[in-house]
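What follows is a set of notes on a single structure, which appears directly below.
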Amino acid sequence: MSATAPTAVRREPEPLRPFKVGAGGLVLLGTGHLALAAVAAWGGSTPEQAASSAAMRSTSMTLLGLERSTLDVVHGMSSVMALFVISCALLALFAARHSPALVQRRTAFGWTLLATSVIGLAVSALFLPPPPIVVLTVTSCAFALSLRRATP
């Protein structure tokens with residue numbers, strides 16, 4: 001009788017898992033932003049916040065013939081951008097599910113999401129509080145790991 005150790009089958013690292021983490025982080029980022037914006041809109045405000053909102057309400061701009069207060073434009077753009085981030089992340093998850101080769105191979109699909117996440121991280125580091133910086137750090141690392149594990 002011979003005793004031999006079973007050979008372990010070594011699998012290549014899976015690029016889909018970190019990709020899903022990155023895309024899920026973007027969904028979390030957009031959803032968290034909308035939730036915090038809703039809480040801020042319905043919650044009480046400090047005297048400084050009330051004064052800032054009043055000043056933004058008192059100024060307006062006309063865009064393509066539509067007059068809007070500065071506050072409306074800022075809130076509208078913020079909400080639209082959050083919805084856009086959620087939509088793009090969900091589309092990325094659906095695409096990866098239905099065409100995993102987009103993630104399993106190094107394609108422009110993965111590079112675009114990594115670049116977008118890194119640029120978002122840089123902008124967040126300059127202008128935003130810690131939560132989006134943390135989330136975008138995780139998404140950037142996840143997309144980078146996904147690309148590293150993907151086949152060229």
Side-chain angles (χ1 to χ4, degrees), residues 6-46 48-50 52-53 56-57 60-66 68-152:
T7 57
V9 176
R10 183 174 173 151
R11 294 180 41 193
E12 288 296 315
E14 174 62 45
L16 280 172
R17 183 171 290 135
F19 182 87
K20 290 176 183 177
V21 169
L26 293 178
V27 171
L28 174 68
L29 180 71
T31 305
H33 177 78
L34 289 176
L36 289 174
V39 167
W42 291 325
S45 60
T46 65
E48 294 84 10
Q49 291 168 329
S52 174
S53 293
M56 291 176 75
R57 269 191 216 94
S60 65
M61 57 183 76
T62 303
L63 302 169
L64 301 172
L66 297 172
R68 300 286 186 255
S69 74
T70 304
L71 184 65
D72 290 339
V73 171
V74 168
H75 285 304
M77 290 297 291
S78 175
S79 298
V80 167
M81 291 297 111
L83 290 170
F84 186 74
V85 167
I86 294 167
S87 298
C88 288
L90 290 174
L91 284 172
L93 287 169
F94 294 145
R97 180 181 181 134
H98 294 288
S99 184
L102 288 171
V103 177
Q104 292 166 338
R105 295 184 51 221
R106 289 184 193 136
T107 63
F109 182 72
W111 287 106
T112 301
L113 287 164
L114 174 60
T116 302
S117 186
V118 168
I119 291 167
L121 174 58
V123 171
S124 295
L126 291 173
F127 301 112
L128 298 176
I133 296 169
V134 171
V135 171
L136 287 167
T137 299
V138 171
T139 62
S140 297
C141 290
F143 288 133
L145 180 59
S146 176
L147 284 167
R148 179 175 163 79
R149 290 181 175 180
T151 57

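Computed from a predicted model, the values in this text were never measured in an experiment.
- You'll find the side chain of R105 stays beyond 4.5 Å of the side chain of P152, heavy atoms only.
- Between A82 and G30, the shortest heavy-atom distance links the atoms CB-O, 3.7 Å.
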Report the C-alpha distance between V73 and M61 in whole Å, list the side-chain angles of each, state the deciding distance to 0.1 Å, and finish with yes or no for side-chain contact (heavy atoms from CB on, under 4.5 Å). CA-CA 9 Å; V73 171; M61 57 183 76; 3.9 Å; yes
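- Across every non-hydrogen atom of T107 and A101, the tightest pair is CG2-O, 4.3 Å.
- Note that the CG atom of L102 and the CG atom of L16 stand 10.0 Å from one another [nearest 0.5 Å].
- The side chain to side chain donor-acceptor pair (under 3.5 Å) check on T70 picks up T59, with sequence neighbours excluded.
- The closest side-chain heavy-atom distance from V21 to L145 is not below 4.5 Å.
- For the pair L29/P132, a side-chain contact is recorded, criterion being any heavy-atom separation below 4.5 Å from C-beta on.
- Looking only at distances, no side-chain donor or acceptor of R106 sits under 3.5 Å from a matching main-chain atom of T151.
- The side chain to side chain contact (heavy atoms under 4.5 Å, CB included) check on T46 picks up E48, Q49, with sequence neighbours excluded.
- The side chain to side chain donor-acceptor pair (under 3.5 Å) search around T137 returns none, not counting sequence neighbours.
- Counting heavy atoms from C-beta outward, M56 and V74 have side chains that approach closer than 4.5 Å.
- A distance of 14.5 Å separates NE2 in H75 from CZ in R68, rounded to the nearest 0.5 Å.
- Of the possible donor and acceptor atoms, one in the side chain of S69 sits under 3.5 Å from a partner among the backbone N and O of D72.
- Sorted by first and then second residue, the side chain to side chain donor-acceptor pair (under 3.5 Å) pairs involving residues 93-104 (not counting sequence neighbours) form an empty list.
- Residue pairs satisfying the ring-ring contact (aromatic ring centres under 6.0 Å, His included) criterion with at least one member in residues 113-152, sequence neighbours excluded, are listed as follows: F19-F143.
- The side chain to side chain donor-acceptor pair (under 3.5 Å) pairs that include a residue from residues 82-95 number zero, where partners must be two or more places apart or lie in different chains.
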Distance-only donor-acceptor hits, side chain of residues 111-125, under 3.5 Å, sequence neighbours excluded:
unit_1	atom_1	unit_2	atom_2	d
T112	OG1	A108	O	2.6
T116	OG1	T112	O	2.8
S117	OG	T139	OG1	2.5
S117	OG	S140	N	3.2
S117	OG	S140	OG	2.9
S124	OG	G120	O	2.8

Only pairs under 3.5 Å count here: list side-chain donor-acceptor contacts from residues 31-43, not counting sequence neighbours, and write none if there are none.
unit_1	atom_1	unit_2	atom_2	d
T31	OG1	V27	O	2.8
H33	NE2	S78	OG	2.4

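- Taking each heavy atom of P15 and A150 in turn, the nearest pair found is CB-N, 4.0 Å.
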